[in-house]
Q: 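Can you read through this structure? Questions will come right after.
Being a predicted model, the structure only gives us computed values, none of them experimental. For reference, positions follow the sequence shown, starting with 1. Order of appearance sets the numbers: ligands from 1, and atoms from 1 within every ligand.
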Amino acid sequence: MAIGYEDIVKAPKALLHDHLDGGLRPATIVELAAAVDHPLPSNDPDELGRWFVAAANSGSLERYLETFAHTVAVMQTADALRRVAAECAWDLAVDGVVYAEVRFAPEQHLDRGLTLDEVVEAVLAGFAEGTGRAADAGRSIRIGTLLTAMRHAARSQEIAELSVRHRDRGVVGFDIAGAEAGFPPTRHLDAFEYLQRENFHFTIHAGEAFGLPSIWQAIQWCGADRLGHGVRIVDDITAGDKPVLGRLAAYVRDKRIPLELCPSSNVQTGAASSIAEHPIGLLRDLRFRVTVNTDNRLMSGTSMSREMALLVEAFGYGWAELQWFTVNAMKSAFIPFDERLAIIDEVIKPAYAKLRS
Ligand SMILES: O=c1[nH]cnc2c1ncn2[C@@H]1O[C@H](CO)[C@@H](O)[C@H]1O
Ligand SMILES: [Zn+2]
């Protein structure tokens with residue numbers, strides 16, 4: 001029996017890779033832009049939403065990233081950051097996400113005089129507000145924050161220290177993002193070594209617009225716990241009746257390194273030619289630690305439920321696979337082990353057992 005969309009929304013989902021500045025509601029952008037006189041491609045929310053998806057549909061990561069100029073521009077005050085974070089928490093909860101790690105780059109939100117710490121505090125306050133409101137409405141969601149450093153810039157050490165400073169207030173990890181080609185992860189080696197000494201967690205955007213060398217550096221030089229995308233690991237797999245894994249692919253699978261795959265985003269940036277041809281099918285069959293993610297809900301016009309539904313449609317997945325993706329994500333989360341286990345045993349497994357029966 002095919003799985004209905006409404007049931008996918010009801011199923012508890014875990015999301016590890018979602019950008020705060022890639023998930024604003026179009027109507028919120030219109031309101032916030034008016035307040036700061038930021039010109040938008042359209043002031044009609046529906047039209048603006050379509051503009052983002054079309055503009056991000058560029059086949060290139062660099063052009064895809066240009067669309068963030070409009071979201072970052074309206075996220076420059078504590079009030080705006082708090083509002084965007086609160087709405088993010090609510091929107092994810094309504095979509096049935098029970099655990100999410102949401103990331104953003106504090107260094108991009110300093111244009112109107114906020115300090116890095118003030119930026120983080122505003123976002124954490126927004127998540128607390130949104131999760132509180134969701135809980136009151138009977139929709140429990142836990143959100144962990146990841147702080148991102150931009151890979152073309154030179155503030156990663158500072159952002160790494162900022163992450164550690166806020167580790168007991170909801171920041172659970174660190175990341176680097178931005179254009180990948182020309183900006184290898186080893187540029188930020190000091191930051192990663194610092195985080196390892198602090199026993200902190202980090203993921204690295206790698207293997208999206210650039211291939212194996214980026215993934216290899218992220219893992220073997222920088223010590224990444226997870227791979228943001230990592231989809232190009234398929235370049236190290238020789239397909240066939242019995243696929244053959246190269247040394248790096250074998251290492252990633254053997255060590256159970258989580259892949260934060262983002263199907264729709266990859267199709268837009270040209271990392272995959274369609275959902276049906278997305279390497280997630282092969283990687284799941286080979287039992288890599290695959291997780292499903294949204295990346296940027298605004299730019300992809302998507303949600304966690306929609307990404308799951310697209311996979312159900314393209315690959316014929318059922319509840320067993322959706323549960324597997326969800327448990328994989330929860331196992332790979334940056335919160336403490338006992339808290340991950342509680343969500344798996346008390347929330348995810350009972351709900352899927354009910355859906356499957
Ligand atoms: O898929 C992606 N690959 C690389 N960088 C990205 C992606 N999505 C968003 N960002 C970048 O991360 C910043 C902080 O959230 C965004 O402003 C955007 O520039
Ligand atoms: Zn991303």
Q: Could you identify the single nearest non-hydrogen protein atom to atom 3 (N) of ligand 1 and state the distance to 0.1 Å?
A: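 Of every protein heavy atom, E208 OE1, 2.8 Å lies nearest to atom 3 (N) of ligand 1.
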
Q: N/O/S of H17 less than 2.8 Å from the Zn ion (ligand 2)?
A: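 For H17, the answer is yes, given that an N, O or S atom comes within less than 2.8 Å of the Zn ion (ligand 2).
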
Q: How about CZ on R287, more than 12 heavy atoms from neighbouring residues, nucleotides or ligands closer than 6.0 Å, or not?
A: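 Counting neighbours around CZ of R287, 12 or fewer heavy atoms of other residues, nucleotides or ligands fall under 6.0 Å, so no.
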
Q: When clusters are formed by joining ILVMFWY residues with side-chain heavy atoms under 4.5 Å apart, either directly or through shared neighbours, do L65 and L40 land in the same one?
A: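 Linked, L65 and L40 end up in one cluster.
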
Q: Please report which non-hydrogen protein atom sits nearest to atom 17 (O) of ligand 1, along with the residue it belongs to and the distance in Å to one decimal place.
A: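 Closest protein heavy atom to atom 17 (O) of ligand 1: D21 OD2, 2.5 Å.
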
Q: Decide whether an N or O pair under 3.5 Å exists between H229 and ligand 1.
A: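 Min N/O separation from ligand 1 is below 3.5 Å for H229.
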
Q: Between Y99 and R340, is there a cation-pi geometry (under 6.0 Å to ring centre, at most 45° from the normal)?
A: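 Checked: cation-pi criterion not met.
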
Q: Quick one: do L245 and D236 satisfy side chain to side chain contact (heavy atoms under 4.5 Å, CB included)? Show the steps, please.
A: CA-CA 6 Å; L245 275 59; D236 199 35; over 6 Å; no

Q: What residue and atom, counting heavy atoms only, is the protein's closest point to atom 8 (N) of ligand 1, and at what distance?
A: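 Atom 8 (N) of ligand 1 sits closest to the protein heavy atom N296 ND2, 3.0 Å.
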
Q: Is E180 touching ligand 1 with its side chain, its backbone, both, or neither, if touching means heavy atoms under 4.0 Å apart?
A: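 Neither; nothing of E180 gets under 4.0 Å from ligand 1.
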
Q: How far is atom 11 (C) of ligand 1 from its nearest protein heavy atom, and which residue and atom is that?
A: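 The answer is L65 CD2, 3.8 Å.
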
Q: Is there an N/O/S atom in H19 at a distance below 2.8 Å from the Zn ion (ligand 2)?
A: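 Given the 2.8 Å cut-off, H19 counts as a ligand of the Zn ion (ligand 2).
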
Q: Please evaluate residues D18 and T294 with respect to the criterion side-chain hydrogen bond (donor to acceptor under 3.5 Å, both in side chains), reporting the C-alpha separation (whole Å), side-chain torsions for both, the decisive distance (0.1 Å), and the verdict.
A: CA-CA 6 Å; D18 187 80; T294 49; 2.6 Å; yes

Q: When you group the ILVMFWY residues by side-chain heavy-atom contacts below 4.5 Å and let the links chain together, are V347 and V9 in the same group?
A: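 No.
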
Q: Would you mind listing which atoms of ligand 1 come within a distance below 4.0 Å of any non-hydrogen atom of F104?
A: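 Heavy-atom distances to F104 below 4.0 Å select 15 (O).
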
Q: Backbone, side chain, both or neither: what part of F68 comes under 4.0 angstrom of ligand 1, heavy atoms only?
A: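 Only the side chain of F68 comes within reach of ligand 1.
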
Q: With a 3.5 Å distance limit and no angle check, can you tell me whether N293 reaches the backbone of L16 through a side-chain donor-acceptor pair?
A: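 Flag set: sc N293 to bb L16 pair under 3.5 Å.
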
Q: Using modelled atom types and a 3.5 Å cut-off, is there a donor and acceptor pairing between side-chain atoms of Q217 and backbone atoms of P184?
A: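 Not confirmed, Q217 side chain does not pair with P184 backbone.
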
Q: Quick one: does ligand 1 sit under 4.0 Å from the side chain of D295, the backbone, both or neither, non-hydrogen atoms only?
A: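 It is the side chain that touches ligand 1; the backbone stays farther off.
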
Q: Just to confirm my output: which protein heavy-atom neighbour is closest to atom 5 (N) of ligand 1, and how far is it?
A: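 It is G178 N, 2.9 Å.
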
Q: Only heavy atoms of Q108, strictly under 4.0 Å: list the atoms of ligand 1 that pass.
A: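 Under 4.0 Å from Q108, ligand 1 has these atoms: 13 (C), 14 (C), 16 (C), 17 (O).
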
Q: Can you tell me if D295 has an N, O or S atom under 2.8 Å away from the Zn ion (ligand 2)?
A: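 Here the distance criterion (N, O or S atom, under 2.8 Å) is met by D295, so yes.
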
Q: Measure from atom 19 (O) of ligand 1 to every heavy atom in H17, H205, M150, M75 and give the option owning the shortest one.
A: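 Checking each option, the heavy atom nearest atom 19 (O) of ligand 1 is found in M150.
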
Q: Residue-level breakdown please: for L61 versus ligand 1, do any non-hydrogen atoms fall below 4.0 Å on the side chain, on the backbone, on both, or on neither?
A: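 Under 4.0 Å from ligand 1, L61 contributes side-chain atoms alone.
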
Q: Where is the tightest heavy-atom contact between A93 and I141, given as atom of each residue plus distance?
A: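 Minimum heavy-atom separation between A93 and I141: CB-CG2, 3.7 Å.
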
Q: Can you tell me the protein heavy atom closest to atom 9 (C) of ligand 1 and the distance?
A: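 For atom 9 (C) of ligand 1, the nearest protein heavy atom is H19 CE1, 3.3 Å.
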
Q: Given W216 and W221, is the side chain to side chain contact (heavy atoms under 4.5 Å, CB included) satisfied, shown in steps?
A: CA-CA 7 Å; W216 176 71; W221 283 79; 3.1 Å; yes

Q: Tell me if a side-chain donor or acceptor on R226 pairs with a main-chain N or O of S332 at a distance below 3.5 Å.
A: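 Judged by distance alone, yes, a pair lies under 3.5 Å.
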
